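The sequence lines fix the lettering, A, B, ..., with proteins before strands; numbering per chain opens at 1. Keep in mind it's a predicted model, so treat the numbers as computed, not measured.
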Amino acid sequence: MRRAAGPLLALTVALVLADSAVVTLALPDILVELDASVAQVAWVLISFNLVLGLGAVPTAAGLARADPRIFAALGIAVFAGASAWCGVAGSIDVLIAARCVQAVGGALALLGCLELMVAEWGERRGVAVWVAAGVVGTAAGPVAGGLLTEAFSWEAIFWVQVPFAALAVPAALAVRAAPVDPPDRHPPAVRPNLTLALLSAALTAALFLLVLLLVQGWSRSPATAALTVSVVPVAALAARPLARLLRPSAEVEVAVGCFLVAGGLAGLALLPSAHLGWTVAPQALVGLGLGLTMDRLTAQAMELRLPRARHAGWTIGARHLGVVVGLAILTPVFTADLRAAEVPAQEAITSLVIDAPLPVEDKIALAEGLGEELVQQQGRIPDLHRAFTTLDLDPDERRAADTLERALDSQLERAATWAFRDSFLIGAGLALVALLTVLAPRRRRP
Amino acid sequence: MTRGGSAGMVGLALALVGGVLAVQLAHGGGTFEPLRVADPCVVREVTSQSDGIEGLTERLVLIGVDEAACELGVSRETLTLELGRGGEPTDAEVTALHDGLVAAVRRMKDDGTLPPASELVDEALDSADLNRFLEAALRALPDSLVDAALKTDDVLVRAIDDLDLRQVLADLDDQDRLEEQVEAAVTRAVQDSLADRVRDLV
């Protein structure tokens, strides 16, 4: 167990931070199965990030008076238990409550694991692996969640965490006693934490909104969406070799990263069609930006600052409260835009149906079916296919109906893409504000 | 770290972001949005996949809705959605629809797309519940006589005037009831038109 302890603790860190966004691709399924609204399902993400963000610093203070082994083991156990509770949640309210408990366990586990990993591998390597595990978890969370949702169900996202966490509890207890944490010596690193918070808010736009656009707006399956958004973690991995090749200063690396995230989000706001290929280049920009910034900023906020756990708490707080701020700004904007897009979408659909080369009786039957779908949409993207399946058409008319159905779907895709545009641009704006925090002149020490 | 490396990194980032955005905008990235509806006051060509009375009715309704929407200052699609939702239409909507349909008849007459009455007689008789001998006699009438006795535009305008458009809109999803109302209005319009012709001759 001792030998496996380090990797298992690193995996736990990745799992907890993956949970920040792991349900993103499952949200459309949760929305339907738990009969929730878009604003309610956003709280499945917000609650976890809010509790983790607010709880990280007080948890770090508590860690100073406890044995990190007990601390980490207890956190992992609570996290695993709450994950199982999420997996059996029968209502959106229960799921949100379970996510809050999961985040409390997550905060204990993250900080306890940091201390144990330093005890296991030493300061430099322990912190580096902790940071890297967090970045990998954050980037891979939506992909893993999407694949699990497609292969099994959204509940599987939570169940799969239980056995890993169950192994990590004895692993945490098996680590040798960690050294006593030194007293407070350094103030929090405000600038990198602020940049981290703003960038996390912007990255929320990239991952959360893009996934919703793919699954809800363009009606792609969670697996297709998962593969599509896997461009982000792959590009993030490519960022480090690129930085090694050019060897820029740390400030330039972070500034360029913020600029790339802003450019990628602007690219997502200006998609020329609903073809998945168009999302690749903007996502690659976001991924490169993520790879250049997140670990660098986390390292800057923690480097040589003691007590280590307290500064780790600040970075966790900054990242997750940034996600919450991003969701709090973006959710009302895109839900309002989605509602505003209903009228132009309905008018475009009406226009195409009126002018369709179909006999009058079929047009009337189709209009009735489409009308029912549009009335039921209530903030969701309607499924127009059902209205076409009931039509009794000869082969020529069927071809015309198929062409019409494709044209109507295109109008819905256009309306959805258009509705997400402002939110992506706001995300780009947040990344540019993060860039300003890097470029702002520093106060000279007297 | 190197100064050249930093400059290279900044240059590469500018090129990547600029390149991606330029390619996207060149392919219509700024204009990927739902179809914008056309101005109903601009005359557009209307077609129908159906022939005979059904095709004529569809074209009349399409032009009529355009004219009504133009009068009300809304799009054709907004008016269609409004009327199709099954709520009580306003007086302004009913009046605009009536005037629009009459205007549609005039426009089709002016541009020569209104068929002569003789072209519609056979189809009308097929659906009419008439005595066999009377039906055979009417079918035997020469087209010139039918066209001289009945003017399509006159019959249509009379039928539109006679129709209770509020009731027609309420029955939009009841095809049989709709046909019954239109048939009754057209029959009365034909009778009145013929009676007026005879009165003019006397």
Side-chain angles (χ1 to χ4, degrees), chain A residues 242-243 245-253 255-257 259-260 262-264 266-267 269-274 278 281-282 284-285 288-289 292 341 343-352 354-361 363-364 367-368 371 375 397 400 411-415 417-418 421, chain B residues 1-14 16-38 44-51 54-55 57-59 61-62 65-66 74-82 84-86 172-173 175 178:
Chain A
L242 185 71
L245 197 71
L246 294 169
R247 291 197 295 148
S249 68
E251 278 74 21
V252 167
E253 198 175 311
V256 163
F259 178 67
L260 287 172
L270 297 172
L271 294 170
S273 84
W278 282 111
L285 295 179
L288 284 172
L292 289 176
V343 173
Q346 286 177 356
E347 289 188 351
I349 287 169
T350 307
S351 177
L352 289 173
I354 290 175
D355 295 330
L358 284 170
V360 181
E361 281 178 21
K363 277 195 210 181
I364 292 172
E368 283 174 10
V375 165
E397 290 167 2
Q411 291 305 319
L412 286 183
E413 287 172 345
R414 284 165 183 268
T417 311
W418 187 54
R421 183 167 297 174
Chain B
M1 76 181 146
T2 64
R3 185 171 291 221
S6 293
M9 192 88 167
V10 171
L12 182 63
L14 287 170
L16 284 174
V17 171
V20 168
L21 295 183
V23 169
Q24 287 188 310
L25 286 171
H27 285 81
T31 55
F32 186 59
E33 54 190 54
L35 177 80
R36 287 183 191 275
V37 293
R44 69 178 126 194
E45 194 186 339
V46 293
T47 55
S48 171
Q49 293 298 299
S50 310
D51 301 321
E54 193 174 88
T57 310
E58 186 183 4
R59 279 180 287 145
V61 170
L62 288 175
V65 170
D66 259 345
V74 296
S75 72
R76 169 183 75 153
E77 291 72 17
T78 303
L79 180 61
T80 308
L81 285 165
E82 190 62 36
R85 285 196 179 106
L172 273 180
D173 51 358
Q175 192 69 21
L178 205 59

query = Relative to chain B, which segment of A/Ala262 carries a heavy atom at a distance below 4.5 Å: side chain, backbone, both, or neither?
reply = neither
inquiry  = If we ignore hydrogens and angles and just use 3.5 Å, is the side chain of A/Arg414 paired with the main-chain N or O of B/Glu33 as donor and acceptor?
reply    = yes
task = Please look at A/Leu260 and chain B and tell me whether the side chain, the backbone, both or neither of the residue comes under 4.5 angstrom of a heavy atom of that chain.
result = both
Closest non-hydrogen atom pair, A/Ala281 against B/Val20 = CB-CG2, 3.9 Å
inquiry  = If we define contacts as heavy-atom pairs under 4.5 Å, which of A/Leu352, A/Val252, A/Val343 has the most with chain B?
reply    = A/Val252
Single hit among B/Leu62, B/Asp66, B/Val61 for side-chain contact (heavy atoms from CB on, under 4.5 Å) with A/Ile354 = B/Leu62
query = Of the listed residues (A/Ser273, A/Pro359, A/Ala266), which shares the most heavy-atom pairs with chain B below a 4.5 Å separation?
reply = A/Ser273
query = Of the backbone (N, CA, C, O) and the side chain (C-beta and beyond), which part of A/Thr417 lies under 4.5 Å from a heavy atom of chain B, both, or neither?
reply = side chain
query = Is the backbone N or O of A/Gly267 less than 3.5 Å from a side-chain atom of B/Gln24, with the two atoms forming a donor-acceptor pair by type?
reply = yes
ask   = Are any of the side-chain heavy atoms of A/Lys363 and B/Gln49 separated by less than 4.5 Å?
value = no
inquiry  = Using every non-hydrogen atom in the two residues, find where A/Val256 and B/Ala13 come nearest and quote the distance to one decimal.
reply    = CG1-CB, 3.6 Å
request  = Output the option from A/Ala345, A/Pro282, A/Ala367 having the highest count of non-hydrogen pairs under 4.5 Å with chain B.
outcome  = A/Pro282
Heavy-atom pairs under 4.5 Å with chain B, option from A/Ala400, A/Gly264, A/Pro357 with the top count = A/Pro357
remark   = CZ of A/Arg421 to CZ of B/Phe32, rounded to nearest 0.5 Å, is 9.0 Å
query = Taking all atoms of both residues into account, what is the closest heavy-atom pair of A/Leu246 and B/Gly8, and its distance?
reply = CD1-C, 4.4 Å
message = Less than 4.5 Å apart, side chain to side chain, heavy atoms only: is that true for B/Val37 and A/Thr350?
response = no
Contacts of type ring-ring contact (aromatic ring centres under 6.0 Å, His included), residue A/Trp418, not counting sequence neighbours = none
request  = Output yes when A/Glu347 and B/Arg36 qualify as a salt bridge under the 4.0 Å nitrogen-oxygen rule, no when they do not.
outcome  = no
message = Taking the side chain as everything from C-beta on, heavy atoms only, tell me whether A/Trp278 gets closer than 4.5 Å to B/Val23.
response = yes
For the student: nearest non-hydrogen atoms of B/Gly30 and A/Leu270, plus distance = CA-CD2, 4.2 Å
ask   = Under a 4.5 Å cut-off applied to non-hydrogen side-chain atoms, are A/Phe259 and B/Val10 in contact?
value = no
inquiry  = To the nearest 0.5 Å, what is the distance between CG on B/Leu81 and CD on A/Gln346?
reply    = 6.0 Å
request  = Check B/Leu16 against A/Leu288 and note the closest heavy-atom contact, atom names and distance.
outcome  = CD1-CD1, 4.2 Å
request  = Write down the atom of A/Gln411, the atom of B/Pro34, and the distance for their closest heavy-atom approach.
outcome  = OE1-CA, 3.3 Å
request  = Working to the nearest 0.5 Å, report the span between CD of B/Glu77 and CD1 of A/Ile349.
outcome  = 11.5 Å
remark   = The interface call for B/Thr57 against chain A, heavy-atom contacts under 4.5 Å, is neither
task = Could I get the full list of salt bridge (Lys or Arg N to Asp or Glu O under 4.0 Å) partners for A/Glu251, not counting sequence neighbours?
result = A/Arg442
query = If we only count heavy atoms from C-beta on, is the B/Leu12 to A/Leu242 side-chain gap below 4.5 Å?
reply = yes
query = Contact part of A/Leu358 toward chain B, heavy-atom cut-off under 4.5 Å: side chain, backbone, both or neither?
reply = backbone
